[in-house]
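Just so we're on the same page: letters track the sequence lines, and every chain starts at 1.
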There are 2 protein chains.
Amino acid sequence: MEELKTLVNRLSPLPDSDFEALKALFQKRTVKKKGFVQIENNLVNEIHYVPNGNYRGYINKDGEEITTHFYFGPTFLADYLSYKTKQRTKHNIQAFQDGIYYSANFDELEALGETSLALTRFFLKFFQAVYLYKEQRAVSFVNDSPEERYLNFFKIRPKVIEQMPLKYIASYLGMTPETLSRIRNKIRFSEE
Amino acid sequence: MEELKTLVNRLSPLPDSDFEALKALFQKRTVKKKGFVQIENNLVNEIHYVPNGNYRGYINKDGEEITTHFYFGPTFLADYLSYKTKQRTKHNIQAFQDGIYYSANFDELEALGETSLALTRFFLKFFQAVYLYKEQRAVSFVNDSPEERYLNFFKIRPKVIEQMPLKYIASYLGMTPETLSRIRNKIRFSEE
DNA sequence: ACAACTACTTGATTAAAATCAAGAAAAATA
DNA sequence: TATTTTTCTTGATTTTAATCAAGTAGTTGT
């Protein structure tokens, strides 16, 4: 849990007492390779902290898995949309390897957030950060061709491109694996 | 400025003193029909409050205007991405009619936000709300065909569909006006 | 009221990406 | 290590939406 402090402080530093209260809400869990942290059709009432390892979020669309998120620890995992709207989640979150993570109840977390300026500020910074990420992604989808989307994503998250299987990247970028394979082939060719 | 209080309180109620301090940051401006609240290539350091009237945000992409936002007063207008990253904005924000609006300096607003729990909480709620909107839009883009995107957007923001010119809606949904026109024609036909 | 402009529609053609299909390469697991 | 499974690549074909083009309706401004 030591890296949690680093992760939190990078967003917005917390007094020790606040950090301890925050930390106390998280319960340790384990997950097997290809196991799930979250499964579609459930109501979401937890947020998860993942110290390390890789995870993938995806939606089932007509039997096809469409990847919507790549998570690299240390990071948080959550489906805030499902939590907030009280709709059953469409998102599955799957581990790429055996791992541990920590889960906190969303309601308790929000209640705790109300109690201190530093914590509220921390949540604010958190949402500002994820908002910025979303905004960039949205602009790229409206603005860019599949090839541009790939190159743009490469700039923003090179590690995902390096470490994640092509088929997941393809669906994340809104195209088929075949199309992405051809785009890569084309780029390879044009670089030589 | 009376509706500002309603708009603010709907997100998160503020004590009078906080609200007055917030209000004091906003300066009245006027804009002509087809005039601009924000023009691309500038650095953004203001957020705007629009009591009424309609506005449109768009990006120039190879000479084409791609609509990225529809704003219906009372609401806030901002390019938080540009402000936060200190990159020149790509977004133009244009009025559909003569109107008045109010502008506040982003730095001053953020500084004010630091001073009170209620204000920080207000900003948190604000970002949570825009985040939710973004998330829904992102899911729709990854998940849906052009027709589904249109139907989905119709559900979420019927007023935009009713009141905005087709060509702006088309680019907002990532398609050409011709394609949207055909989609509408098809839907009309299948409804009869 | 008229002219000029803008928005929308519809059809024909082209271009881009999806789908279908097969095989090669790589990774997982027994 | 051998076998099975998964991932990736490549080609052929189909589908979808973009582009090109022309015409109509509607709006704006003089």
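Across all non-hydrogen atoms, the minimal contact from G174(B) to F141(B) is N-CZ, 4.0 Å. P51(B) and E3(B) make their closest contact through CB-OE1, 3.6 Å (heavy atoms, listed as atom of the first residue, atom of the second, distance).
Counting to the nearest Å, the P atom of dG23(C) and the CD atom of E178(A) are 16 Å from each other. Atom CZ of F96(B) and atom P of dT6(C) are 15 Å apart (whole Å). One interatomic measurement links the two molecules: CG of D62(A) to C1' of dA18(C), which rounds to 14 Å at whole-angstrom precision. Rounded to whole Å, the distance from CZ on R184(A) to P on dT10(D) is 12 Å. dT9(C) atom P lies 11 Å from atom CZ of R182(B), rounded to whole Å. Look at NZ on K186(B): it is 13 Å from C1' on dT15(D), rounded to the nearest Å. Atom CG of D144(A) and atom C1' of dA16(C) are 16 Å apart (whole Å). Distance K32(B) NZ to dT28(D) P: 17 Å, rounded to the nearest Å.
For N185(B), a side-chain nitrogen or oxygen approaches OP1 or OP2 of dT10(C) to under 4.0 Å. Checking the phosphate oxygens (OP1, OP2) of dC8(D), no side-chain nitrogen or oxygen of S181(A) falls inside 4.0 Å.
Judged by distance alone, the side chains of E46(B) and N105(B) never bring a donor and an acceptor atom under 3.5 Å apart.
Listed by residue number, the members of residues 155-176 of chain A with any heavy atom below 4.0 angstrom from DNA chain C are G174(A), M175(A), T176(A).
Looking at heavy-atom distances under 4.0 Å, P177(B) makes no contact with the nucleic acid at all.
Using the six-membered ring where Trp is involved, Y71(B) and H69(B) have ring planes that are parallel, under 30° apart on the 30 and 60° scheme.
Counting non-hydrogen atoms of other residues, nucleotides and ligands closer than 6.0 Å to CD of E20(A) gives a total above 12.
If K34(B) and L180(A) are placed on DNA chain C by their nearest nucleotide, the residue sitting closer to the 5' end is K34(B). When each of T179(B) and K33(B) is assigned the nucleotide of DNA chain D with its nearest heavy atom, T179(B) is the one assigned upstream, toward the 5' end.
In this structure, R137(B) is positioned above the aromatic face of Y172(B), its NZ or CZ under 6.0 Å from the six-membered ring centre and within 45° of the axis. For the pair R121(B) and F123(A), the cation-pi test (distance below 6.0 Å, angle within 45°) is failed.
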